[in-house]
Amino acid sequence: MEQVSSVVRWGIISTAKIAREELLPAYKQAENARVTAIASSNPKVREVASEFDIPTVYETYDELLNDPEIDAVYIPLPNNLHAEWTKKAAEKGKHVLCEKPAALSTCETVEMIDHCKKHGVFFMEAFMYQFHPQHKRIKEILASGELGELKIVKSSFSFFLEKPLENIRSKPDMGGGSLYDVGCYCIHAVRNILETEPDSVYASAIHIPGTMVDMSVNGIMHLKNGMSAMFDAAMDRTGQNHFEIVGTKGRLLATRSFLPQLYGGEAILEISVGDEVRTEKVSGHQYILQIEHFSKCVLDRTLPSYTPENTIQNMRVIDACYESIATGTVVRV
């Protein structure tokens, strides 16, 4: 399969809301990516294609994967379909950018990633938030030592889900639940920003009545660097998306840690050290940066900075959280 030398040709599998509202507008602005096809049985797929100047429309995903003019695919399907279509894409030689969570278990994640490696294609889970430059700045502040010895980190991500019983996020067979949907960000942020791993977790959840789908999850993680981490993820409350680190000398609060695009890409960091408080603003388009990074990897044949092994480790922590919820005990990761 040959590629255009400076541009990756992308196919989009489905007309999911995240694709329409975030990814497709970002693809139009990315310098090294072009969407050349979209596939969906949705009757509105041609409207979507017209809106975003996508030249080719397919009614089935298989037809898109058989297109030799496509180098990579973006998969924003329901969680339970990620593994299946990632493997099918790999078999057709397509690189894969797949929405989070990568799959529904560590075992499933390992299998799909091994399948990609077997067929010589790159795989990256679409944790777009990590490409926003605010997180590089947070790491710089932590490395400076101005917060003192770091003690605890807190991460929150929530939103209010209207009519939950009608939404795929509430369907157990489709991988519904707040931990899969937004809790995965909280866990990933702790691991990514502190560059350490949890060695044990304890989690509790409130479920949709009559189901095992979690509407909210609270978790405590003990980290290998000696710190503690707390997170809360929910689909039944007002929107929150912040990340806080507390040390012996100071505190850092990232008030828009996951969704800065709601504010034109502007993130705000609040740093308090002693009696001094300052605010730093950091801007960037995390979706464009994510697309350009993965596209550059495809063009240069270099591994993504967010590795498959990192994806697998995040799923191990999620699995441990679900085990803790089921057993009511602390679980080793």
Side-chain angles (χ1 to χ4, degrees), residues 1 3 7-28 30 32-104 108-109 111-113 115-116 119-128 167-169 171 173-176 180-181 184 287-288 290-295 297-298 304 306 308 311:
M1 178 180 64
Q3 295 164 189
V7 176
V8 174
R9 301 163 297 184
W10 283 85
I12 310 299
I13 294 182
S14 98
T15 55
K17 182 179 179 181
I18 184 70
R20 299 193 315 271
E21 295 186 357
E22 302 291 359
L23 271 296
L24 285 171
Y27 274 108
K28 290 198 71 173
N32 58 357
R34 183 175 74 247
V35 176
T36 59
I38 186 170
S40 177
S41 59
N42 185 336
K44 295 185 178 180
V45 65
R46 294 190 180 279
E47 293 179 25
V48 174
S50 176
E51 179 181 356
F52 293 102
D53 301 319
I54 303 171
T56 304
V57 174
Y58 293 110
E59 293 183 357
T60 70
Y61 307 150
D62 284 312
E63 287 179 293
L64 184 146
L65 294 180
N66 284 324
D67 185 340
E69 299 301 311
I70 293 174
D71 306 311
V73 295
Y74 167 61
I75 300 177
L77 295 168
N79 298 338
N80 65 308
L81 298 177
H82 289 178
E84 174 187 353
W85 286 98
T86 291
K87 288 188 284 188
K88 287 183 177 180
E91 290 166 3
K92 297 297 182 178
K94 314 301 185 189
H95 304 283
V96 178
L97 177 65
C98 179
E99 267 306 325
K100 37 52 60 182
L104 299 183
E108 192 174 58
T109 304
E111 184 179 284
M112 63 193 280
I113 286 173
H115 208 71
C116 288
H119 290 278
V121 300
F122 292 142
F123 171 89
M124 191 173 82
E125 186 179 21
F127 271 121
M128 78 299 177
N167 194 287
I168 62 171
R169 292 179 175 90
K171 299 185 184 301
D173 58 333
M174 300 180 78
Y180 278 141
D181 198 64
C184 60
Y287 286 102
I288 294 175
Q290 173 183 250
I291 292 166
E292 289 184 340
H293 173 75
F294 191 71
S295 295
C297 291
V298 170
Y306 179 42
T311 291

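What you see is a predicted model; the values in this text were computed from it and never measured. For this chain, numbers begin at 1 and follow the sequence in order.
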message: Glu21: which residues meet the side-chain hydrogen bond (donor to acceptor under 3.5 Å, both in side chains) condition with it, sequence neighbours left out?
response: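 None.
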Does [X] reach the side chain of [Y], with side-chain heavy atoms less than 4.5 Å apart?
| X | Y | answer |
| --- | --- | --- |
| Leu23 | Ile291 | yes |
| Cys116 | Phe122 | no |
| Ile70 | Lys94 | yes |
| Ile113 | Thr311 | yes |
| Tyr287 | Ile18 | yes |
| Asp62 | Trp85 | yes |
| Met124 | Gln290 | yes |

Heavy-atom pair of closest approach, residues [X] and [Y]:
| X | Y | answer |
| --- | --- | --- |
| Met112 | Ala103 | SD-CB, 3.6 Å |
| His95 | Gly120 | CE1-O, 4.1 Å |
| Gly93 | Val121 | C-CG1, 3.6 Å |
| Ile168 | Met174 | CG2-CE, 3.7 Å |
| Thr86 | Val96 | OG1-CG1, 3.8 Å |
| Ala102 | Glu125 | N-OE2, 2.8 Å |

task: Classify the side-chain pair His115/Glu91 by whether it contains a donor and acceptor separated by less than 3.5 Å.
output: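 The answer is yes; a qualifying pair exists.
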With [X] via salt bridge (charged side-chain N to carboxylate O under 4.0 Å, His left out) - residues at least two apart:
| X | value |
| --- | --- |
| Glu69 | Arg9 |
| Glu84 | Lys88 |
| Arg169 | Asp181 |

task: Enter the distance from Lys87:NZ to His82:NE2 here, rounded to the nearest 0.5 Å.
output: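 One finds 13.5 Å between NZ of Lys87 and NE2 of His82.
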Pairwise distance CH2(Trp10) to CG(Asn32) - rounded to 0.5 angstrom: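 Going from the CH2 atom of Trp10 to the CG atom of Asn32 covers 9.5 Å.
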task: Mind running side-chain hydrogen bond (donor to acceptor under 3.5 Å, both in side chains) on Thr60 and Glu63 for me, showing each step along the way?
output: CA-CA 5 Å; Thr60 70; Glu63 287 179 293; 3.1 Å; yes
task: Please determine if Glu22 and Lys17 form a salt bridge, counting it only when a charged side-chain N lies under 4.0 Å from a carboxylate O.
output: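 Salt bridge flag = no for Lys17 with Glu22.
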- prompt: Less than 4.0 Å between a side-chain N and a carboxylate O, is that true for Lys28 and Asp53?
  reply: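 Between Lys28 and Asp53 there is a salt bridge, with a charged N closer than 4.0 Å to a carboxylate O.
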Name the atoms and distances for all side-chain donor-acceptor pairs under 3.5 Å in residues 37-47, with sequence neighbours left out.
unit_1	atom_1	unit_2	atom_2	d
Ser40	OG	Asn42	N	2.9
Asn42	OD1	Lys44	N	2.8
Asn42	ND2	Thr15	OG1	3.1

query: Can you check side chain to side chain contact (heavy atoms under 4.5 Å, CB included) on Thr56 and Thr36, steps first, answer last?
result: CA-CA 6 Å; Thr56 304; Thr36 59; 5.8 Å; no
Cut-off 3.5 Å, no hydrogens considered: what does the side-chain donor-acceptor table look like for residues 73-81, sequence neighbours left out?
unit_1	atom_1	unit_2	atom_2	d
Tyr74	OH	Glu99	OE2	2.7
Asn79	ND2	Gly175	O	2.8
Asn80	ND2	Asp173	O	3.4

